[in-house]
Each structure stands twice: as C-alpha cells, then as structure tokens.
There are 2 protein chains.
Amino acid sequence: MHSSELLKGTLQTILLKVLKDHGKMYGYEITQRVKELSEDRILLTEGALYPSLHKLESEGILKTETVMMGKRVRKYYSLTPEGRSLAKERVNEFVDFIKTMSNVLQLQMG
Amino acid sequence: MHSSELLKGTLQTILLKVLKDHGKMYGYEITQRVKELSEDRILLTEGALYPSLHKLESEGILKTETVMMGKRVRKYYSLTPEGRSLAKERVNEFVDFIKTMSNVLQLQMG
DNA sequence: TCTAATACATAATTATCTTATGTATTAATC
DNA sequence: GATTAATACATAAGATAATTATGTATTAGA
C-alpha cells in the first residue's frame, strides 16, 4: 500500500473527515472507504493508520468502543466533541493549503 | 521558517514550477518569490531548499550557472529539458492529488 | 486444504523536513 | 564608525511521519 509523496501530512485530516462524514468506523473499514472514495489512489497502510488512530485516541480526539464480532475484535472509532471541532479546523486548513498552492503553482482555480 | 504539515512533499513541485515560470533563479530569490506568491504562508527553509536544489542538479533536472555579484556568489538554477518535462509531470500529479483529496474530503470542487 | 480477505498491532527502517550552526557580503540604522 | 538586518550560500543534527516488514488470529472462498 503506497502512494504519492504529496499524501504525507494528510492522514490525520483524512481520518477526521471520514469519521465525521461516516460516523462510527473501525480501522479496516476506514482503509476500504478511503480506497473507494479515492478510486484506489489512496491506500492507507496499517503501519501508519493504527498508530495514528491510537495517538488521536490518547489525545481525546477520538473515542473507542470495542465490539466482538463472533471471535473477531472490532474497535470502532468516533469523534469526540473536541474531535469534531478539530475535523473542521483540519479541513479548513486543507482548503487554505490548496488555495495557497494554487497561487504558487499558478493553477487556474480558487 | 516553519509551515503546515501539509507542505511536506510539495517542495520539489514548487521548485520546478517556480523555475519553469520565472526562468533562471538563485536560491534566495526562490524563497522570496515563494513567500510572495503564497502571501507569507510558505517560507522555505535553507535546510530544505539547498539540499533539494543540489539533488535535482545531480540528477540532471536542474543546471547551474555561478555568477559573482561584486564579491558575493550567486548560483543561478534553471530547468534542463528533462526538468521541464518533470515540472509538467509534478504539476499534473498535484492537480490529480487535489482532485482525489477533494473526493475523499467531500469538498465541493474538481 | 490452502489462500485471500478481514482485523488488529508494533518494530525497524527510510525520507523529508526543521532547527541549529557556520561563513561571508552588503545595506541600513544608531 | 559600529552594530544589526538582510542577503547568500552550505551542511550537520535531530525530529517526525511515513513505508516496509513482521506478527497473531478469524472468516470466507476456491
């Protein structure tokens, strides 16, 4: 699972926004949703995903709920109120980033 | 000189496109132009800039011309033919990246 | 029965960037 | 005239976020 150099730094933004839009999700589900939304262009690696989810949880941005599906564990993540506000902030930041880069690269868009 | 986490991975794209648009430029001049184009949002650090320019030169993407301005050295960088084609590629890559991220983050744009 | 997909997790390595440091010239301010 | 800020290059040390590799285990499909 590899992607462009440009994706670096976007992981947190992606996680927060996808969780905001789709509610309660577990790790593997997030990778599949992102793969789908990106038309196979963004393939999240577990080595990046899980540490990032754990960090966000430890910071109070995400909360978890562990569910047993038969004998298999599923850990559902969802945004805390703090997480919801951070999600907005991160998306705004990204939009601003696009605008700035569009100016620097002289792309004809916002 | 610090910026957002999102800038990671954009340096090469920025350097190539700015050099494509503005022709022959020296390092310090590039930092100023990018600062200006980005309205002070992107402040390139020398620690990232110079190693990156050197690498691109060693790869045949950029060529240099050293000029003495009085007693001060100026090293002008410009794109080689290979560099021009890489610049296009990098910009296309970035536009595609924006499109993909817009889908994932559900932004109402391309 | 074996393989692929699902589902979690962490350690080792790599790459890119920031921060820090260094040298030196030129312009501006005190 | 002296000090500071801006110009102009360069590299080394440290931080950080990602990839790659590895590990365990269940479930579905061939």
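Chain identifiers are assigned alphabetically (A, B, ...) following the order of the sequence lines, protein sequences preceding nucleic acid strands; residue numbering begins at 1 within each chain. Note that the structure is predicted; figures quoted are calculated from it, not measured.
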Given atom [atom1] of [X] and atom [atom2] of [N], what is their separation to the nearest angstrom?
| X | N | atom1 | atom2 | result |
| --- | --- | --- | --- | --- |
| A/Leu7 | D/dA17 | CG | C1' | 13 Å |
| B/Met68 | C/dA24 | CE | P | 13 Å |
| A/Leu49 | D/dA17 | CG | C1' | 14 Å |
| A/Met25 | C/dA7 | CE | C1' | 14 Å |
| B/Ile30 | D/dC9 | CD1 | P | 9 Å |
| B/Lys8 | C/dT19 | NZ | P | 10 Å |

Problem - B/Thr45 vs C/dC17: side-chain N/O to OP1/OP2 distance below 4.0 Å - result: no
Practice task
Report yes if a side-chain nitrogen or oxygen of B/Tyr26 is closer than 4.0 Å to either non-bridging phosphate oxygen (OP1 or OP2) of D/dA8; otherwise report no.
Solution key: yes
Fill in the blank from the handout: Taken to the nearest 0.5 Å, the spacing of A/Arg41 CZ from B/Lys99 NZ works out to 8.5 Å
Problem - Selection: residues 83-91 of chain B, any non-hydrogen atom under 4.0 Å of DNA chain D - result: none
Problem - B/Val104 side chain reached by A/Ile42 side chain, heavy atoms, under 4.5 Å - result: yes
Handout entry: Whether B/Ser52 side chain and B/Leu49 backbone form a donor-acceptor pair below 3.5 Å
Key = no
What nitrogen or oxygen pairs link the protein and nucleotides 10-12 of chain C at under 3.5 Å?
residue, atom, partner, partner atom, Å
C/dT10, OP2, A/His54, ND1, 3.3

Handout entry: Cluster link A/Met69 to A/Tyr26, ILVMFWY, side chain under 4.5 Å
Key = yes
